[in-house]
**Student:** 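Following this message is one structure expressed as structure tokens.
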Amino acid sequence: MAAILYRHGLAVVKAGGLAEIDLLAVAGERLVGAVEVKRRYHEAARYPTLYINLRKVAAMATWSVALGVPAWFVVVYDDQVQAISLADLPGAVGGCRVDGYRVRHGATALEPVLEVRVNAMRLIGRTEETAEVEIGGPASIPDQSRMVDLDGQPLLRDQATLDQAVAIAGRLAPLLGGDRVGHFRPISPLDCWAARGDRPLALVLTTCLPLPPEWHRVVTLPLRLVLALQATAQLAGLRAVVAVQADTDLCWLERTSRSHRTG
């Protein structure tokens, strides 16, 4: 993949140990793009669509906005390499569903994915041109679980945090018409999802407060998570919901509606 970008006048560097994306494209000393690479072990013409995980879309949107650069999804097939920009992705989406690699990763790998039309992507090279090229960049960061966001929130969620998020989303799901929930990966900018069967309904950002709602005038949320929630939900045609469990009460706010509260 790096070899093809080199032919387009771009160098690449690894995004880093806690990054949810693969590469950053560089022209000279200027950062010019964020790149996510997928490998598919068949020819490009075999299937009319491919799946892109919503958590990857959220990560790309966050990096693109934060750095002020375009973002591209690149797919390496057995015969050719195709690409589509994040800006062009909305016009190429054919649907959204819950799917995953059950055989390889088990049921926990299930999560919402976008179904993208292959004919909306453009050819950028042949697979035989993707010779191995050494890519520089930051190494994995030791003791990653202690890395924190600007507001002190951990960047890498532990299992207890994931379980808590799923519990909150599980209380909310029936109110949204859903019958199943799940969480995204520990470093994903997305939190939880709610679905009815294989049809995703909402992306849910959760937080837990130790006291009843009347004790809190405001709730603070990391901006990068809110950005990922809104941008990805809009692209996928899903509801964007913030769910707050304060003591035993559940409060929730949807992007297009008033706040709600249930005991």
Side-chain angles (χ1 to χ4, degrees), residues 1-40 50-77 80-93 96 111-118 120-125 129-130 132-141 144 147 149-150 155-156 184-191 203 205 222-236:
M1 183 59 249
I4 289 180
L5 292 180
Y6 281 140
R7 291 187 178 91
H8 286 267
L10 301 175
V12 294
V13 295
K14 297 175 183 176
L18 281 179
E20 183 79 350
I21 67 171
D22 292 327
L23 303 171
L24 297 172
V26 180
E29 296 183 353
R30 184 168 59 92
L31 187 65
V32 295
V35 182
E36 174 65 24
V37 181
K38 296 176 67 68
R39 180 67 169 95
R40 288 293 174 263
L50 65 95
Y51 292 148
I52 296 179
N53 297 50
L54 276 190
R55 59 184 171 84
K56 291 291 188 179
V57 175
M60 294 294 279
T62 303
W63 280 74
S64 179
V65 171
L67 299 176
V69 298
W72 302 297
F73 289 94
V74 176
V75 184
V76 181
Y77 293 99
Q80 59 184 249
V81 181
Q82 298 184 348
I84 187 170
S85 70
L86 183 65
D88 292 334
L89 195 60
V93 173
C96 184
E111 60 184 81
V113 296
L114 289 179
E115 192 170 10
V116 179
R117 295 189 300 274
V118 173
M121 306 184 74
R122 66 184 182 93
L123 178 70
I124 63 171
E129 299 173 318
T130 59
E132 290 294 329
V133 175
E134 185 175 350
I135 301 174
S140 296
I141 303 171
Q144 292 180 345
M147 298 294 292
D149 205 344
L150 292 177
L155 287 174
L156 187 64
F184 293 89
R185 294 189 180 182
I187 61 173
S188 174
L190 294 179
D191 194 356
L203 298 179
L205 176 59
L223 181 60
R224 65 184 180 89
L225 302 185
V226 175
L227 171 64
L229 174 75
Q230 292 183 328
T232 311
Q234 182 175 6
L235 175 62

**Student:** Report the C-alpha distance between Leu23 and Val74 in whole Å, list the side-chain angles of each, state the deciding distance to 0.1 Å, and finish with yes or no for side chain to side chain contact (heavy atoms under 4.5 Å, CB included).
**Tutor:** CA-CA 11 Å; Leu23 303 171; Val74 176; over 6 Å; no

**Student:** Please examine the side chains of Val118 and Tyr77, heavy atoms only from C-beta on, and report whether any two atoms are closer than 4.5 Å.
**Tutor:** yes

**Student:** Can you confirm whether Met60 sits close enough to Ile21 that some side-chain heavy atom of one is under 4.5 Å from a side-chain heavy atom of the other?
**Tutor:** yes

**Student:** For Tyr51 and Glu115, which heavy atoms make the closest approach, and how far apart are they?
**Tutor:**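 So the two residues come closest at CE2-CG, 3.6 Å.
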
**Student:** Report the distance from atom CD of Gln80 to atom CD1 of Ile124, rounding to the nearest 0.5 Å.
**Tutor:** 10.5 Å

**Student:** Is the shortest side-chain heavy-atom distance between Met121 and Leu50 below 4.5 Å?
**Tutor:**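 Heavy-atom side-chain distance check passes, below 4.5 Å.
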
**Student:** Please check if the side chain of Arg55 supplies one atom and the backbone of Ile187 the other of a donor-acceptor pair under 3.5 Å.
**Tutor:**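 A pair under 3.5 Å: no.
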
**Student:** Answer whether the closest heavy-atom distance between the side chains of Phe184 and Pro112 falls below 4.5 Å.
**Tutor:**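 Side chain of Phe184 against side chain of Pro112, heavy atoms only: contact under 4.5 Å found.
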
**Student:** For Ala25 versus Leu31, what's the shortest heavy-atom pair and its separation?
**Tutor:**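 Looking at all heavy atoms of both residues, the shortest contact is O-CD1, 3.4 Å.
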
**Student:** Of all the heavy-atom pairs spanning Leu190 and Ala58, show the shortest one and how long it is.
**Tutor:**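 The pair with the smallest heavy-atom distance is CG-CB, 3.5 Å.
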
**Student:** Measuring only between side-chain heavy atoms, which start at C-beta, is Asp22 closer than 4.5 Å to Val35?
**Tutor:**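 No, every pair of side-chain atoms sits at 4.5 Å or beyond.
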
**Student:** Could you report the tightest heavy-atom contact between Leu86 and Ala61, atom names first, then the distance?
**Tutor:**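 Taking Leu86 first and Ala61 second, the nearest heavy atoms are CD2-CA, 3.6 Å.
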
**Student:** Determine whether Glu36 and Trp72 satisfy the following criterion, side chain to side chain contact (heavy atoms under 4.5 Å, CB included), listing intermediate values before the conclusion.
**Tutor:** CA-CA 6 Å; Glu36 174 65 24; Trp72 302 297; over 6 Å; no

**Student:** Given side chains that start at C-beta, do those of Trp63 and Leu24 come closer than 4.5 Å, heavy atoms only?
**Tutor:** yes

**Student:** How long is the span from the CD1 atom in Ile52 to the CD1 atom in Ile84, to the nearest 0.5 Å?
**Tutor:** 7.0 Å

**Student:** Main chain of Ala83, side chain of Arg122: is a donor-acceptor contact present, judged purely on distance under 3.5 Å?
**Tutor:**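 Answer holds: no.
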
**Student:** Do Asp191 and Leu225 have side-chain heavy atoms sitting under 4.5 Å apart?
**Tutor:** no

**Student:** Measure the CG-OG distance between Leu54 and Ser188 for me, rounded to the nearest 0.5 Å.
**Tutor:**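 Leu54 CG to Ser188 OG: 9.5 Å, rounded to 0.5 Å.
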
**Student:** Using 0.5 Å steps for rounding, measure from the CG atom of Leu229 to the OG1 atom of Thr62.
**Tutor:**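 So the gap between those two atoms works out to 10.5 Å.
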
**Student:** Is there a side-chain contact between Pro189 and Leu227 (heavy atoms, below 4.5 Å)?
**Tutor:**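 When only atoms from C-beta onward are counted, Leu227 and Pro189 do not touch, as no gap falls below 4.5 Å.
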
**Student:** What distance do Lys38 atom NZ and Gln82 atom CD have between them, rounded to the nearest 0.5 Å?
**Tutor:** 13.0 Å

**Student:** Heavy atoms only: give me the nearest Ala27-Val32 pair and the separation to one decimal.
**Tutor:**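 Shortest heavy-atom separation between Ala27 and Val32 comes out as CB-CG1, 3.8 Å.
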
